[in-house]
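This chain uses plain numbering: 1 for the first residue, then up along the sequence.
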Amino acid sequence: MLQQRTRLFGSIAGLCTAGALLAGCGGGESAEHAQHQPAPQAPAQGQSAAGKQTSGTFENFSPAAKAITYKPDQVPVGGQINVSSSNADGKSKVTVEVKGLQPNRAYGAHVHVKPCGPTGEDAGSHYQEKADPVKPSVDPAFANPQNEVWLDFHTDAQGNGTATAEGTWALATRDDAQSVVIHETHTHSEPGKAGSAGGRLACISADF
């Protein structure tokens, strides 16, 4: 009888050791509990954990150019730009950083609906979350920093500057946010001029 009990105990112990990771012997998790552990959750739809980034060095237009200057006297060849964006929980954040532009001056900047081209006009109009039926859009009800993405900045003594805009724009799910255009002045907000910021000096095609 003792030998039979010993063999039985040894058999049970061997089974427990072999299945310990699955069944949790010796007071650990039960197999049933282990099988019902929640799976890692994926980010909710519309969320972006890492965000997106586009960088370029300003040069005169060429088909291969990432960042284009149309006015080298105001946005010099060799200046640099970085555009980063993130989208989560129905909100978007866009940051522009520039280096080597004219020092101590104001620039306007906006997200535009088309990629850059040989001229500043090729980038099309400003991105608007709710489109103004009247073009060009100069009505403050549509041309404002909540409906558009305004990124005005002021450079320091080295020509460096940065700006960040945050809003409830659907940049990541629409196909009409494709570039950032730098303008010659800060953006106007008064009726009849709202959204305007002077000439288009430079452009970078960007992925939001």
Side-chain angles (χ1 to χ4, degrees), residues 46 48 52 54 56 58-63 65-75 79 81-87 90-98 101-102 105-155 161-208:
S48 173
K52 297 179 180 179
T54 305
F58 288 112
E59 55 186 295
N60 294 315
F61 174 77
S62 74
K66 283 188 175 181
I68 303 163
T69 176
Y70 305 111
K71 299 286 185 179
D73 59 326
Q74 299 186 62
V75 175
I81 184 170
N82 181 76
V83 178
S84 58
S85 64
S86 60
N87 303 275
K91 297 180 181 179
S92 297
K93 179 179 179 179
V94 182
T95 297
V96 167
E97 300 170 277
V98 298
L101 273 60
Q102 282 191 336
R105 68 157 287 178
Y107 289 91
H110 317 104
V111 173
H112 282 244
V113 298
K114 296 180 181 180
C116 308
T119 72
E121 298 305 314
D122 291 324
S125 59
H126 295 177
Y127 171 91
Q128 291 186 326
E129 186 68 17
K130 182 179 180 181
D132 188 344
V134 178
K135 304 297 182 185
S137 179
V138 290
D139 181 351
F142 294 92
N144 62 66
Q146 290 76 45
N147 195 45
E148 301 183 348
V149 187
W150 293 8
L151 294 157
D152 294 4
F153 58 88
H154 196 287
T155 56
T162 185
T164 296
E166 297 183 67
T168 55
W169 312 296
L171 299 175
T173 58
R174 287 172 44 172
D175 60 2
D176 58 345
Q178 299 193 42
S179 62
V180 170
V181 173
I182 296 177
H183 295 258
E184 63 183 349
T185 70
H186 275 180
T187 309
H188 295 280
S189 58
E190 64 270 25
K193 291 185 177 181
S196 63
R200 301 184 181 196
L201 306 180
C203 181
I204 182 170
S205 296
D207 184 11
F208 299 96

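Taking Ser92 as the reference, Asn87 meet the side-chain hydrogen bond (donor to acceptor under 3.5 Å, both in side chains) condition, with sequence neighbours excluded. In this structure Pro145 satisfies the side-chain contact (heavy atoms from CB on, under 4.5 Å) test together with Trp150, sequence neighbours excluded. A search for salt bridge (charged side-chain N to carboxylate O under 4.0 Å, His left out) contacts involving Glu166 returns nothing, not counting sequence neighbours. Here Asp132 pairs with Ser137 under the side-chain hydrogen bond (donor to acceptor under 3.5 Å, both in side chains) rule; sequence neighbours left out. Under the rule for a side-chain hydrogen bond (donor to acceptor under 3.5 Å, both in side chains), the partners of Thr164 that lie at least two apart in sequence or sit in another chain are Thr95. Applying the side-chain hydrogen bond (donor to acceptor under 3.5 Å, both in side chains) rule to Gln146 yields no partners; only residues at least two apart in sequence or on another chain are considered. Remark: His186 pairs with Ala106, Asp152 by the side-chain contact (heavy atoms from CB on, under 4.5 Å) rule, at least two apart or across chains. In this structure, the side-chain contact (heavy atoms from CB on, under 4.5 Å) partners of Ala197, at least two apart in sequence or on a different chain, are His110, His183, Thr185, Thr187. Not counting sequence neighbours, the partners of Arg174 by the salt bridge (charged side-chain N to carboxylate O under 4.0 Å, His left out) test are Glu129, Asp176. Legend: residues meeting side-chain contact (heavy atoms from CB on, under 4.5 Å) with Pro191, ordered by chain and number and at least two apart, are Pro140. Among residues two or more places apart in sequence or in another chain, the ring pair (Phe, Tyr, Trp, His ring centres under 6.0 Å) test is passed with Tyr107 by Phe153.
Looking at heavy atoms from C-beta onward, Asp122 lies out of side-chain contact with Phe61 at the 4.5 angstrom threshold. Within the 4.5 Å cutoff, side-chain heavy atoms of Phe142 are placed close to those of Pro133. Proximity of Asp139 to Val134: side-chain heavy atoms (C-beta onward) are nowhere separated by under 4.5 Å. Using a 4.5 Å heavy-atom cutoff, the side chains of Phe208 and Val180 are in contact.
Between atom CD1 of residue Ile81 and atom CD1 of residue Ile182 there is a gap of 4.0 Å, rounded to the nearest 0.5 Å. Taking NZ of Lys91 as the reference point, atom CH2 of Trp169 lies at 11.5 Å (rounded to 0.5 Å). Taken from NZ in Lys114 to OG in Ser125, the straight-line distance is 8.0 Å, to the nearest 0.5 Å. The OG atom of Ser84 sits 13.0 Å away from atom NZ of Lys52, with the distance rounded to the nearest 0.5 Å. Taking CD1 of Ile68 as the start and CD1 of Ile204 as the end, the distance is 9.5 Å to the nearest 0.5 Å. Going from atom CG of Asn147 over to atom NZ of Lys130 covers 8.0 Å, rounded to the nearest 0.5 Å.
Between Val94 and Leu151, the shortest heavy-atom distance links the atoms O-CD2, 3.6 Å. Closest heavy-atom contact between Pro115 and Gln178: CD-OE1, 3.1 Å. Contact record, Ala143 with Ala194: CB-O, 3.4 Å, taken as the closest heavy-atom pair.
The backbone N or O of Val75 lies less than 3.5 Å from a partner atom in the side chain of Thr69, making a donor-acceptor pair. Panel note: side chain Ser205, backbone Cys116; a donor-acceptor pair is recorded below 3.5 Å. With hydrogens and angles ignored, the 3.5 Å screen pairs no side-chain donor or acceptor of Gln102 with any backbone N or O of Thr155.
Screening residues 180-206 for salt bridge (Lys or Arg N to Asp or Glu O under 4.0 Å), with sequence neighbours left out, gives Glu121-Arg200.
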